[in-house]
Amino acid sequence: QLQLVERGGGSVQPGGSLRLSCASAVSTVRLDYFSIGWFREAPGKERQGVGCITNSGGYTLYEDDVKGRFTISRDNTRNTVYLQMNNLKFEDSAVYYCATVSEPVVVQDRCEMAPRDGSWGPGTQVTVSS
């Protein structure tokens, strides 16, 4: 079963930036077959979607509260998916996770923020504070 690992979290001041990465726990397992989603879980809240990217990287989808500030990309030659977070806000503080996500049947090269089972990594903590 595919297992992912998230990296890049840390502490940052409001308005700052961080780049998170998502990779396979086993480096020889390729991720370029999968659409990947980013999710976050703040204390006392349910895990919620951030956005997703298709296997080719040609399509991305974002939740409204991060649109324009966050960018998901991937470098399949490095077998890595990224979440670039700019203009971070207090509300962005959470543990960030990546996971494989579903793809629509009726439309090609699209992703949905619906995680498949079993691919979650341990998460990486992002703390935005002044």
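All values below come from the heavy atoms of this structure, side chains included, with hydrogens, waters and symmetry mates left out.
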Quiz item: What distance separates T80 OG1 from R74 CZ, expressed to the nearest 0.5 Å?
Solution: 9.5 Å
Self-check item: Minimal non-hydrogen separation, P115 against F39, with atom names
Solution: CD-CZ, 3.7 Å
For a quick test of your reading: what N or O donor-acceptor pairs under 3.5 Å do the side chains of residues 12-19 make, sequence neighbours left out?
| residue | atom | partner | partner atom | Å |
| --- | --- | --- | --- | --- |
| S17 | OG | N86 | OD1 | 2.9 |

Quiz item: Is the number of heavy atoms from other residues, nucleotides or ligands under 6.0 Å of Y33 OH greater than 12?
Solution: no
Exercise. Report the residues that fulfil salt bridge (charged side-chain N to carboxylate O under 4.0 Å, His left out) with R30, sequence neighbours left out, ordered by chain and then residue number.
Key: D32
Quiz item: What pair of heavy atoms forms the shortest contact from F90 to V128, and how long is it?
Solution: CD2-O, 3.3 Å
Exercise. Keeping the roles fixed (side chain from R78, backbone from A23), state whether a donor-acceptor pair exists under 3.5 Å.
Key: no
Exercise. Check the pair T124, V95 against side chain to side chain contact (heavy atoms under 4.5 Å, CB included), reporting the backbone distance first and the verdict last.
Key: CA-CA 5 Å; T124 185; V95 178; 6.0 Å; no
Quiz item: Who are the salt bridge (charged side-chain N to carboxylate O under 4.0 Å, His left out) partners of R110, not counting sequence neighbours?
Solution: none
Quiz item: Can you name the residues that form a side chain to side chain contact (heavy atoms under 4.5 Å, CB included) with E112, not counting sequence neighbours?
Solution: S102, P104
Self-check item: Under 3.5 Å donor-acceptor, S119 side chain and T100 backbone
Solution: yes
Quiz item: Looking only at atom types and distance, does a side-chain atom of N79 sit under 3.5 Å from a main-chain N or O of L31, one as donor and one as acceptor?
Solution: yes
Exercise. Would you give the length of the straight line joining atom CE of M113 to atom CH2 of W38, rounded to the nearest 0.5 angstrom?
Key: 14.5 Å
Below 3.5 Å, can you tabulate the donor-acceptor pairs from side chains in residues 56-65 to any protein atom, sequence neighbours excluded?
| residue | atom | partner | partner atom | Å |
| --- | --- | --- | --- | --- |
| S56 | OG | G58 | N | 3.2 |
| S56 | OG | D109 | OD1 | 3.2 |
| Y62 | OH | I72 | N | 2.7 |
| D64 | OD1 | K67 | NZ | 3.0 |
| D65 | OD2 | R40 | NH2 | 3.0 |

Self-check item: Connected via hydrophobic side-chain network under 4.5 Å: I53 and V29
Solution: yes
Quiz item: Parallel, tilted or perpendicular for Y97 and W120, by the 30°/60° rule?
Solution: perpendicular
Quiz item: CZ/F34 to OG1/T54 distance, rounded to the nearest 0.5 angstrom?
Solution: 14.0 Å
Quiz prompt | Same apolar cluster (I L V M F W Y, side chains within < 4.5 Å links), V26/L2 | solution = yes
Exercise. For side chain to side chain contact (heavy atoms under 4.5 Å, CB included), just list the numbers for V81 and L4, CA-CA rounded to whole Å, side-chain angles, deciding distance to a tenth of an Å, and then say yes or no.
Key: CA-CA 10 Å; V81 178; L4 301 176; over 6 Å; no
Quiz item: If you take all heavy atoms of A94 and A42, which pair is closest and at what distance?
Solution: CB-N, 3.8 Å
Self-check item: Pairing residues for A25 by the side chain to side chain contact (heavy atoms under 4.5 Å, CB included) criterion, not counting sequence neighbours
Solution: Q3, V5
Quiz prompt | Hydrophobic cluster identity match, I36 and Y82, side-chain contacts under 4.5 Å | solution = no
Practice problem: Could you check R47, M85, E41, E6 and say which one makes a side-chain contact (heavy atoms from CB on, under 4.5 Å) with Y96? | Solution: M85
